[in-house]
Every structure is written in C-alpha cells, then in structure tokens.
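The structure appears below as structure tokens.
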Amino acid sequence: MENCKLLLFDLDGTLLRSDKTISHATLNALQKCREKGILIGVSTSRGEHNALSFIEELQPDVLIASGGALVKYNGVYIYRAEFSEEETRQMIETARKVCGVDCEITIDTIDSHYWNYRIDPKEQDHSWGDSIYTDFKDFEESSLKMCVEIFEDSQARRLQELLNECDCIRFSDGYWYKFTKKTATKENAILEVCAACGIKTEEIMAFGDDYADIGMLEICGKGIAMGNAINEVREKADLVIGSNDEDGIAEYLASINFFLSKG
C-alpha cells in the first residue's frame, strides 16, 4: 500500500453490492485511503452518466467508462474512442444480419444509453436510469460501445469475425457481448491514466470480478479478485478477497491500513 498511488475498481460485482449501492464501510475505507494521498478510480463497462449515478458519494478522481472507450481525470476527458455515425450504423446492421433483426442491442454515446429491448429494462432493473428506447432503424449518432445479446456461440464468433476491428468481450452474467474500438479496453485506458497522472502501472491496485477485468488486473501492480469473481478472474489475480456483498474491499483495505499504522 505504501507504493500505491491509485485504487481502481470495477463497478458491478466489485465496488457495488448486489443492490447496486456502495456500503458505508467501503466508503469509509476509501476516504481513509484518500487521506493518505491515494487516488480513487472507477473502471466500468457502464456508460459515463449511468456510472456516475452510482458513485455520486465517491466522487472518483479517475473514471474509465464504456469498457475503456472514455476516460476522465479530475473531471476532464483525457481519452475518447468513438465509432463514427456511419461505423455505428454498419455495426448495428451487421449485428442484425448475423443475430436476427430482433436481436437486442444497446449503444453508448457520450451523452446517452440507447436500447431496443422488447421488455423495458427500467421496469426490471431501476439501475438503468435514463436509458432511451429506439428501434435503431434510423440511428444517426456516433458511439462509444455497442452491446449485443447473442445466444448462439456460432453467431457470436461470426459477428466477431465481421467486426474484427473491434475489441469484443462477453459478460459472464448473461449472453451479452460488448464491442468497442480495438484500442478501447480497460488496460489501454489505464495507460492513458498513467500518462495523465504521472504514475506507473505498478503503482495501481485494481479490483474486479468479470472477463473485462482480466487485462486490468494483469497490467496493474496488484490485481485483486472479488470472492464472487468468475474462476478465470480468480486464476489471474494476485489475491482473492471477500465478496462484494461481504465488504470484501473494506475489510481488505482496513487490514492493510492496520499493518501500516502498526509499522
């Protein structure tokens, strides 16, 4: 911890509990870290505005959003990897050709999150906030990220082949795949943060639980898996701590602070 200059957290399944809140114990632990001069960051596949609705109390110094396509440091954009309007249209058309015209799609733009779900996701999960419905037929916006629900492995492979200029990762809690610019990954976003902050990757401690977090945990000085993380993440991590619903982060940070104070 004495060499740590940035604590970086995934949101869902990591910093957020299952009820999509950050526990008071975790917030208190992070405040103590801040008092030691350590920066606090969030790295999530959620879009910026959606992510910010969960971390208002935290006020992170660093925000990596849309899976690495957008990076902010001290409230200023330092990196943005967008698909043009035409590229976005072509991606949507390709997804429909491969996965069916009724396949479910989401699009992150700088300002909004769009979806075409048959069932309004906000009725099932209020954490989707101000997501906007569209049928994507005449969608004319540049985008940061596209997600597609794909049930057949063969379709997923085919779409990845056709969108070979994209970075593609599956989310473990369903059949959703994210597509961003090839360079728009959490680990590449971390390199942008390091350049802006003047820190080294080995001075970052990262926490995660899902496929999209593996590169992040590997590139940072210490990669920590939550107790609820998928096996692939646990195997790559330097350490596995308690789960997101058991204050794993708070307990781990408290134990480090305890030993430092004793020293």
Side-chain angles (χ1 to χ4, degrees), residues 1-46 48 50-65 68 71-75 127 186-187 189-190 193-194 196-210 212-230 233-234 236-263:
M1 178 68 98
E2 64 269 21
N3 297 319
C4 180
K5 294 184 179 179
L6 170 64
L7 293 171
L8 191 59
F9 304 93
D10 172 52
L11 270 187
D12 296 276
T14 301
L15 191 61
L16 297 181
R17 297 179 290 188
S18 295
D19 65 1
K20 305 303 181 186
T21 64
I22 305 175
S23 75
H24 292 300
T26 297
L27 286 170
N28 290 336
L30 294 179
Q31 179 57 34
K32 291 179 180 178
C33 292
R34 262 207 172 107
E35 291 169 1
K36 295 178 180 292
I38 299 172
L39 298 173
I40 306 299
V42 166
S43 178
T44 178
S45 291
R46 288 183 181 266
E48 176 190 0
N50 184 258
L52 289 174
S53 66
F54 299 98
I55 54 178
E56 185 175 354
E57 291 180 276
L58 184 62
Q59 293 294 305
D61 306 288
V62 171
L63 176 63
I64 297 170
V71 186
K72 292 181 84 171
Y73 172 52
N74 283 340
S127 71
K186 289 188 176 184
E187 51 268 35
I190 288 168
V193 170
C194 287
C197 298
I199 64 176
K200 302 174 183 178
T201 55
E202 54 262 38
E203 296 172 320
I204 303 174
M205 190 181 293
F207 299 73
D209 71 296
D210 208 347
D213 301 320
I214 291 175
M216 177 175 77
L217 299 193
E218 289 182 319
I219 198 174
C220 290
K222 192 158 193 176
I224 300 173
M226 304 304 295
N228 52 286
I230 60 173
V233 174
R234 295 164 66 96
K236 295 292 185 179
D238 298 308
L239 178 69
V240 179
I241 61 173
S243 78
N244 63 321
D245 284 325
E246 298 171 332
D247 277 331
I249 291 170
E251 291 185 2
Y252 175 67
L253 294 179
S255 70
I256 293 176
N257 279 311
F258 172 78
F259 286 115
L260 282 179
S261 64
K262 295 295 282 186

Under the side chain to side chain contact (heavy atoms under 4.5 Å, CB included) rule, what do D210 and D10 come out as? Steps first, then yes or no, please.
-> CA-CA 9 Å; D210 208 347; D10 172 52; 5.5 Å; no
Give, for atom OG1 of T44 and atom CZ of F54, the distance between the pair rounded to the nearest 0.5 Å.
-> 8.5 Å
Cationic N near anionic O, under 4.0 Å, D12 to K20 = yes
Would D19 and T21 count as having a side-chain donor-acceptor pair, cut-off 3.5 Å?
-> yes
Decide side chain to side chain contact (heavy atoms under 4.5 Å, CB included) for I38 and L6; before the verdict, give the C-alpha distance in whole Å, the side-chain angles of both, and the deciding distance to 0.1 Å.
-> CA-CA 6 Å; I38 299 172; L6 170 64; 5.6 Å; no
Calculate, to the nearest 0.5 Å, the distance between atoms CG and NZ belonging to L7 and K222 respectively.
-> 11.5 Å
So L27 and Q31, side chain to side chain contact (heavy atoms under 4.5 Å, CB included) or not? Walk me through it.
-> CA-CA 6 Å; L27 286 170; Q31 179 57 34; over 6 Å; no
Between OG1 of T14 and CG of N228, what distance do you get to the nearest 0.5 Å?
-> 6.5 Å
Please report the closest heavy-atom contact between A212 and S45, naming both atoms and the distance.
-> CB-OG, 4.3 Å
If only atom types and distance count, is the side chain of N244 paired as donor or acceptor with the main-chain N or O of M226 below 3.5 Å?
-> no
Drop me the distance from N74's CG to C197's SG, to the nearest 0.5 angstrom.
-> 7.0 Å
For the side-chain contact (heavy atoms from CB on, under 4.5 Å) test, which of V233, D209, I224 pairs with L217?
-> V233
Contacts table for residues 55-65: side-chain donor-acceptor under 3.5 angstrom, sequence neighbours left out:
from, atom 1, to, atom 2, distance (Å)
Q59, NE2, E56, O, 2.8
D61, OD2, R34, NH2, 3.4
D61, OD2, I40, N, 2.8

Gap separating the CD1 atom of I190 from the OG atom of S43, nearest 0.5 angstrom = 5.5 Å
Euclidean distance, D247 CG relative to H24 NE2, rounded to 0.5 Å = 10.5 Å
Does L15 reach the side chain of L30, with side-chain heavy atoms less than 4.5 Å apart?
-> yes
Where do G208 and A229 come nearest, in terms of heavy atoms and distance?
-> O-CB, 4.1 Å
Report the relative orientation of the aromatic rings in F9 and F207; use parallel for angles under 30°, tilted for 30 to 60°, perpendicular for over 60°.
-> parallel
On a heavy-atom basis, the closest approach of G227 and V240 is CA-CG1, 4.0 Å
Tell me, do I199 and C194 make a side-chain contact under 4.5 Å, heavy atoms counted?
-> yes
Residues that E218 engages under salt bridge (charged side-chain N to carboxylate O under 4.0 Å, His left out), provided they are two or more places apart = K236
